[in-house]
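Structure first, commentary second.
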Amino acid sequence: MTVLSVVVPCYNEEKALPFFYDRIVEVASQLLQKHNTQVEFWFIDDGSKDGTLALIKQLQKSDDRVHYVSFSRNFGKEAGIYAGLEAARGDYVVLMDADLQDPPELLSDMLDAVKDGPYDCAATRRVDRKGEPPIRSFFARCFYRLINRISQTEIADGARDFRLMTRQVVDAILAMTEVNRFSKGIFGWVGFKTKWLEFENVERIAGETKWSFWKLFLYSIEGIVAFSTVPLAIASVAGLIFCGIAFLALVFIFLRALLWGDPVAGWPSMLCTVLLMGGIQLFSVGVLGQYLSKTYLETKRRPIYIAKEKE
Ligand code: UDP
Ligand code: MG
């Protein structure tokens with residue numbers, strides 16, 4: 001008998017959670033029959049302000065497979081994932097959202113790939129972004145294209161956090177104790193043999209998404225800073241390019257003054273140059289600041305989450 005831990009980070013999910021529980025329980029009984037695999041649940045209450053925790057406690061009363069960790073405040077999904085991986089005791093662990101955007105029916109195939117196949121991980125990817133605002137999809141595509149170009153770590157477009165892992169992979173992820181956690185990068189960074197399963201985008205069953213456009217934008221910056229140092233080189237490259245341009249301009253102006261004299265002109269062009277250079281300098285300092293601030297936060301070695309209750 002093997003044990004599969006299902007880790008579910010939940011933030012204000014009182015509307016979606018009952019639907020999720022009903023579906024996952026059904027799938028759990030199939031897994032028991034088909035794969036001889038027992039399921040345990042770890043719900044991570046990420047400082048919810050609604051009745052999520054009460055609901056989880058209620059589920060626990062009637063089902064002893066249900067466990068939970070409750071945070072002292074909202075620490076974000078990444079912290080929830082970490083807490084869940086830490087708490088899970090199964091031979092295999094799977095991460096799932098509470099809103100049924102990760103179809104539980106895929107679990108059987110995922111387990112097949114990892115349990116009997118040569119894979120350490122079964123990961124999932126959405127083949128489309130149906131039901132998402134087009135502008136968001138556009139920026140998401142741009143982000144993945146950019147980060148894959150400037151990062152050594154492979155970060156798959158459309159990949160979800162919905163992924164089933166062996167104990168070995170879980171331990172590797174837990175060994176990465178950074179506070180700025182960008183899961184998609186972490187999964188890629190630890191490596192291991194991954195089987196990709198694809199499915200069509202499903203819309204959230206109830207409740208609301210926790211991600212605004214602005215939050216996603218900040219999250220993407222975090223991902224870039226965490227998994228690429230290329231932006232740090234921008235200042236040096238820009239500096240070199242502008243040195244070259246300045247040198248050519250100098251030669252040009254010197255020769256022109258020799259041949260045609262030197263009438264005073266060119267204030268507008270001077271102003272443009274000063275503004276451009278100022279902008280590039282501020283941008284470069286800003287990039288530097290991003291890395292510095294992340295370094296600052298990491299050196300504090302604060303815990304990734306604080307649990308108030310665990311059962
Ligand atoms: N979530 C969380 N903490 C947060 C935000 C989200 O634990 O601060 C959980 C949320 O409850 C859900 C999952 O992360 O189970 C994915 O969130 P959501 O569905 O809002 O994101 P989306 O699917 O829109 O990307
Ligand atoms: Mg969702």
Side-chain angles (χ1 to χ4, degrees), residues 5-24 41-56 59 66-88 93-104 106 123-126 128-137 139-141 143-144 155-163 179-184 186-187 199-220 222-223 304-310:
S5 305
V6 178
V7 168
V8 192
C10 308
Y11 178 53
N12 295 346
E13 296 288 7
E14 68 175 0
K15 289 207 187 88
L17 213 50
F19 293 101
F20 175 79
Y21 181 75
D22 286 350
R23 279 267 289 280
I24 195 78
F41 303 108
W42 279 97
F43 292 102
I44 315 299
D45 165 45
D46 186 9
S48 299
K49 294 184 179 70
D50 63 356
T52 303
L53 181 61
L55 193 71
I56 297 170
L59 293 178
V66 173
H67 304 276
Y68 68 90
V69 180
S70 178
F71 289 177
S72 60
R73 63 167 170 87
N74 179 250
F75 278 87
K77 184 184 179 186
E78 304 291 342
I81 290 177
Y82 191 85
L85 292 180
E86 229 173 20
V93 181
V94 64
L95 303 171
M96 294 182 86
D97 284 2
D99 57 5
L100 282 176
Q101 280 191 298
D102 301 327
L106 278 176
T124 58
R125 177 159 41 203
R126 297 185 289 184
D128 59 359
R129 291 174 169 271
K130 199 175 58 194
E132 201 182 57
I135 183 102
R136 181 180 286 198
S137 309
F139 278 109
R141 290 235 166 76
F143 167 71
Y144 283 109
I155 292 160
D157 186 4
R160 301 211 31 106
D161 290 336
F162 183 25
R163 130 190 321 255
V179 181
N180 293 289
R181 303 187 72 77
F182 183 69
S183 280
K184 290 181 171 71
I186 290 177
F187 296 148
F199 68 97
E200 268 173 36
N201 194 25
V202 190
E203 285 187 53
R204 160 184 272 282
I205 184 119
E208 273 147 36
T209 173
K210 314 296 176 306
W211 294 93
S212 62
F213 188 81
W214 179 241
K215 261 189 168 169
L216 277 175
F217 176 73
L218 292 180
Y219 184 60
S220 64
E222 220 162 83
I304 295 168
Y305 65 90
I306 292 173
K308 194 171 156 212
E309 291 174 52
K310 182 175 173 184

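It should be emphasised that the depicted structure is a prediction, and the values quoted were computed from it without experimental measurement. For reference, positions follow the sequence shown, starting with 1. The figures that follow rest on heavy atoms only: side chains count, while hydrogens, waters and symmetry mates do not. Remember, it's 1-based here, ligands and their atoms both numbered in the order they're listed.
Salt bridge K77/D97: present, at least one basic N to carboxylate O contact under 4.0 Å.
Using bins of under 30°, 30° to 60° and over 60° for the plane-to-plane angle, the ring pair F43/Y21 lands in the tilted bin.
Residue-and-atom listing of protein N/O/S atoms under 2.8 Å from the Mg ion (ligand 2), sorted by chain and number: D99 OD2, Q101 OE1.
For F41 and Y68, the ring centers sit 6.0 Å or farther from each other.
With hydrogens and angles left out, the side-chain atoms of S183 and E78 include a donor and acceptor closer than 3.5 Å.
For D50, the salt bridge (charged side-chain N to carboxylate O under 4.0 Å, His left out) test picks out no residue, with sequence neighbours left out. Among residues two or more places apart in sequence or in another chain, the side-chain contact (heavy atoms from CB on, under 4.5 Å) test is passed with E86 by Y82, L174, Y305.
Within the cation-pi definition used here (under 6.0 Å to the ring centroid, within 45° of the axis), R73 qualifies as a partner of F75.
Side chains of T52 and L17 form a contact here, defined as non-hydrogen atoms less than 4.5 Å apart.
A side-chain contact (heavy atoms from CB on, under 4.5 Å) with I81 is found for one member of I186, V7, D161, V8 and no other, namely D161.
A heavy-atom cutoff of 4.0 Å around ligand 1 is satisfied by the protein residues P9, C10, Y11, E13, D46, N74, G76, K77, D97, A98, D99, Q101, R204, T209, K210, W211.
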